Amino acid sequence: MAGIKQRLESTQETPPAMTSYWLLKTEPSSYSIDDLAAAPEQTTHWDGVRNYQARNMLRDELQEGDRVLLYHSVKNPAIVGTATVVRSGYPDPSAWDKRSKYYDAKSDPENPRWYMVDVRLDEKFEQPLTLAELREMKKLQEMELLRKGSRLSVQPVRKAEWTAILAKAKAP
DNA sequence: GCCAACGTTGGC
DNA sequence: GCCAACGTTGGC
C-alpha cells in the first residue's frame with residue numbers, strides 16, 4: 001500500500017495555478033458585505049446554499065485562491081466587492097443543525113448533501129456597481145448574472161468579465 | 001406587491 | 001417518467 005501511495009505522489013505533477021472567478025449572491029438582509037467585513041479575519045463559511053447546481057460548483061469547482069465577486073440581490077441589486085476562496089468545498093453542517101434555518105432532514109454527516117466554502121473579504125467597492133450599470137456594459141453581454149431568469153447563487157465569471165468589472169469599479 | 005422564471009414534489 | 005401544483009427567487 002505504502003509503495004503505491006509513494007509512487008503516485010512521486011509521479012504526480014503539480015497542476016498549474018489557475019485562478020477561476022465566481023460570483024456569490026447574498027441577500028444583504030440575511031448576510032451582507034458589511035457582515036463579512038465585521039467577521040473575525042473578515043472570513044466566513046459561505047453556508048446555506050440549497051440548490052444542486054450551485055452545490056456542485058461549491059463542492060467540485062471552487063478552489064482555494066479563486067476570486068469571487070460579492071453580489072447583493074433583491075434590494076439595490078449590485079456587485080459590492082471582492083473576496084478570495086480560502087477553503088474549497090466541504091460539508092455544510094448547518095444542514096444537520098435542527099435550529100438552523102438551513103436545516104435539511106435528508107442530509108446527515110454520514111452522507112452530506114450540502115457543501116460550503118470559506119471566503120475572505122478582499123475589498124468593498126467604494127461605489128457598488130449596480131445591476132443597471134452592469135447591464136450597460138458591453139463586455140458583460142453574456143454574463144450569467146444578466147441572463148433573464150438567472151437565479152443561481154453561485155455562478156462562474158469569465159476572466160474578461162472580472163477584469164471589466166474591476167476596472168469599472170476603480171474608475172466609475 | 002406583482003409576476004416571470006425556475007426548482008422541487010408527488011400523484012399517477 | 002410525465003407533468004401539474006406548489007414554493008422560491010429576485011427584478012421591477
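Just so it is clear, the values below take in all heavy atoms, side chains as well, and ignore hydrogens, waters and symmetry mates. This structure is a prediction, so every number in the text was calculated from the model and none was measured. A, B, ... follow the sequence lines: proteins, then strands. Residue 1 opens every chain.
The A:R151 side chain lies nearest to B:dA5 when the options are C:dG11, B:dA5, C:dG10.
Shown here is A:Q141, whose CD atom has more than 12 heavy atoms of other residues, nucleotides or ligands within 6.0 Å.
Regarding A:L23, its CG atom lies at a distance of 17 Å from the P atom of C:dT9, rounded to whole Å. At whole-Å resolution of the value, CG in A:L24 and C1' in C:dG10 are 17 Å apart. As rounded to whole Å, 13 Å separates atom P of C:dT8 from atom NZ of A:K101. One can place OH of A:Y102 at 14 Å from C1' of C:dT8, the figure rounded to the nearest angstrom. Atom pair A:Q155:CD and C:dG10:C1' shows a separation of 12 Å (rounding to whole Å applied). Between the CG atom of A:L152 and the C1' atom of C:dT8 there is a distance of 13 Å, rounded to whole Å. Computed from coordinates, the A:N51 CG to B:dT8 P distance equals 6 Å when rounded to whole Å. With rounding to whole Å, A:E144 atom CD is found 15 Å from C:dG11 atom C1'.
For the pair A:K148 and B:dA4, the criterion of a side-chain N or O lying under 4.0 Å from OP1 or OP2 is not met. For A:Y52, no side-chain nitrogen or oxygen approaches OP1 or OP2 of B:dC6 to under 4.0 Å. Considering only side-chain N and O atoms, A:R55 lies nowhere under 4.0 angstrom from the phosphate OP1 or OP2 of B:dG7.
Ring geometry, A:Y90 versus A:H45: the interplanar angle exceeds 60°, so the pair is classed perpendicular (tilted spans 30 to 60°).
Under the 4.0 Å criterion applied to side-chain N and carboxylate O atoms, A:E123 and A:K170 are assigned as salt-bridge partners. Note on A:R50 versus A:D92: salt bridge recorded, some NZ/NE/NH1/NH2 to OD/OE distance being below 4.0 Å.
Contacts of A:R50 with the nucleic acid, taken as non-hydrogen atoms under 4.0 Å apart, are absent.
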